[in-house]
Amino acid sequence: MTMTIVRLENVSKIYSRKTGRQFFRSFLAHKLKRRQEHFYALRQISLRLEEGDSLAVVGPNGAGKSTLLSVIAGLCWPEEGIVEANGRVAALLELGSGFHPDLTGAENVRMNAALLGMSRRATTEKFDEIVEFSGIGEFIDEPLRTYSSGMIMRLAFSVAMNVDPEILLIDEVLAVGDQAYQVKCMEKILELKQRGKVLICTSHDAEMLKRLCSRALWLHQGCVVDKGPLNEILDAYEAWSAASKPQPD
Amino acid sequence: MRERNYGFLLSNLILRDFRIRYRNMSLGVFWSLLNPLIMMSVLTFIFTRIYRNSDIPHFHVFALCGIIPFNFFALAWISGTISIYSNGNLVKRVLFPREIVPIATVLANCIHFLIQVALLLVVVLLAGYAINPYWLLLPVVMAFEVIFVCGLSLASSALDVYFRDVRYVVESANTLLFWLVPIFYSFSQIPSQFRSLYQYNPIAAVVLASRHILLEAKAPPSTLLWKLALVSFASLLAGLWIFGRLKRKFSDYL
């Protein structure tokens, strides 16, 4: 019997169109006139993922892909609907988030492991393994600001893999790795999948999605356009993208 | 969500603040010592040479007892206030209890505070005061101050996410408090109708208590300690409550 790991029911994320500076004014406007502009970043999203499921989220820029991942990770609260995530979440949302440029690679590894909820002992035990997998080598004691974006991604990915997450969220970041490292990452992700972990990722790289995911969700302006088996959705999405591209004269 | 032990995270965040501050400095921890000593010299010059304050013996020690708790308070509060905003990248992208951020920032400031308190004790001994058993009360009094700043910072850091003006309010409040905390004047110089009000200001209470302990070798009055404890814990509870109400929307405003 399979267990539901991630469940979203009618989830909507609404941003009010107000900046911090106008916050007080719009708060008053809200109280007085009840007239406010809303922007739906996500509208009525429902989905259910079970052990070993892997979902690709596709859509044009600004479709709500990253917001969806943030909502699943528990980083932002939806205004409507229910979000359930059973298990430890490791989210690779933006390159080097949680890393500090002035700390060394080694210090950042410990910091990041702590942020992802690892204990001091587990971090010490796994430290060598993390550094080994990242392939950073002797640069591990150099400050992070000297790293290339590929190296930062390697380090972030190694830490995330070693916290043994039940749910892995990857937003685009794998793209900065070189070919060899991407293959290494994908092997590791497939191995996690085999052990029943859940993967949700966004990418504009269709080949990568085909290798990692079995299902897909197509978002457009916060709404689900379609969902189903990966190949079908990808074909439909690509056809739509090609059609909406400005035609050369 | 599994039960986790956040001690490792807290110690990592504190160490990070400390490392970042000192890694690119050549004088390092000496800045922690230099600042209060300069302040002490200036205040001593003004209040023994310009405005003569003849009834206070060892004015420099007297002033340092005020400067050090106040400095810690002012620095910890302002850096606590901007902590959520300046760690926005972390708060937006990684899931962990947000309360840890301002608390770790305040605790990172405690490292400087400890160094400065050590300096204070050295200056006290050099001036000829003796060690007395009430010194054991000092950590308790200072712990109350830390609790108080944690509470204030929790509230102000959460508000600062929504209104970036909060940090300027905090800065102005710190400037005002420099005058309203008995740093360069004594409790007995305060008109009697304001004295009980002063005791409710935890920073003033910490300054007064440290002078009782270090300069007069006696226990601080118990009413003073009770008020200090009361206000500190009330501030922590209020801070946690306000933070808890506001933290859900952080990621929308960072």
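First the proteins, then the strands, lettered A, B, ... as listed; each starts at 1. Given the structure is predicted, the values throughout are model-derived calculations rather than measurements.
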May I ask you to check whether over 12 heavy atoms, not counting those of B:Trp135, lie within 6.0 Å of atom CH2? yes

Tell me, yes or no, whether the heavy-atom count around A:Glu132 atom CD, taken from other residues, nucleotides or ligands under 6.0 Å, exceeds 12. no

Between atom CG of B:Leu13 and atom NE2 of A:His100, what is the distance when rounded to the nearest 0.5 Å? 11.0 Å

Holding to side chain to side chain donor-acceptor pair (under 3.5 Å), I want the full list of residues that pass it with A:Glu9, two or more places apart in sequence or in another chain. A:Arg7

Indicate yes or no: at least one non-hydrogen side-chain atom of B:Leu9 is less than 4.5 angstrom from one of A:Met111. yes

In residues 144-158 of chain B, which residues are in contact with chain A at a heavy-atom separation under 4.5 Å? none

In terms of heavy-atom pairs under 4.5 Å, which option from A:Ala41, A:Pro101, A:Cys76 contacts chain B the most? A:Cys76

Below 4.0 angstrom, N of the basic side chain to O of the carboxylate: do A:Glu79 and B:Lys249 qualify? yes

Does atom CZ of A:Arg195 have more than 12 heavy-atom neighbours from other groups under 6.0 Å away? yes

How close do A:Leu75 and B:Lys92 get, heavy atom to heavy atom, and via which atoms? CD1-O, 3.4 Å

Atom pair OH (A:Tyr15) and OH (B:Tyr253), whose distance is rounded to the nearest 0.5 Å: 10.5 Å

Answer yes or no: does atom CZ of A:Phe127 have more than 12 heavy-atom neighbours from other residues, nucleotides or ligands under 6.0 Å? yes

Flag yes if more than 12 heavy atoms outside A:Phe139 fall under 6.0 Å of its CZ atom; otherwise flag no. no

Heavy-atom pair with the smallest gap, counting every atom of A:Lys13 and B:Asp252: NZ-OD2, 2.9 Å

Out of curiosity, A:Leu103 CG to B:Asn12 CG, how far, rounded to the nearest 0.5 Å? 9.0 Å

If one checks every heavy atom of A:Thr104 against chain B at 4.5 Å, the contacting part turns out to be both

Side chain, backbone, both or neither of A:Ser70 within contact of chain B (heavy atoms, under 4.5 Å): side chain

Would a 4.5 Å heavy-atom cut-off, applied to side chains only, mark B:Leu95 and A:Val89 as touching? no

Determine whether B:Phe8 and A:Arg110 make a side-chain contact, defined as any pair of heavy atoms from C-beta on separated by less than 4.5 Å. yes

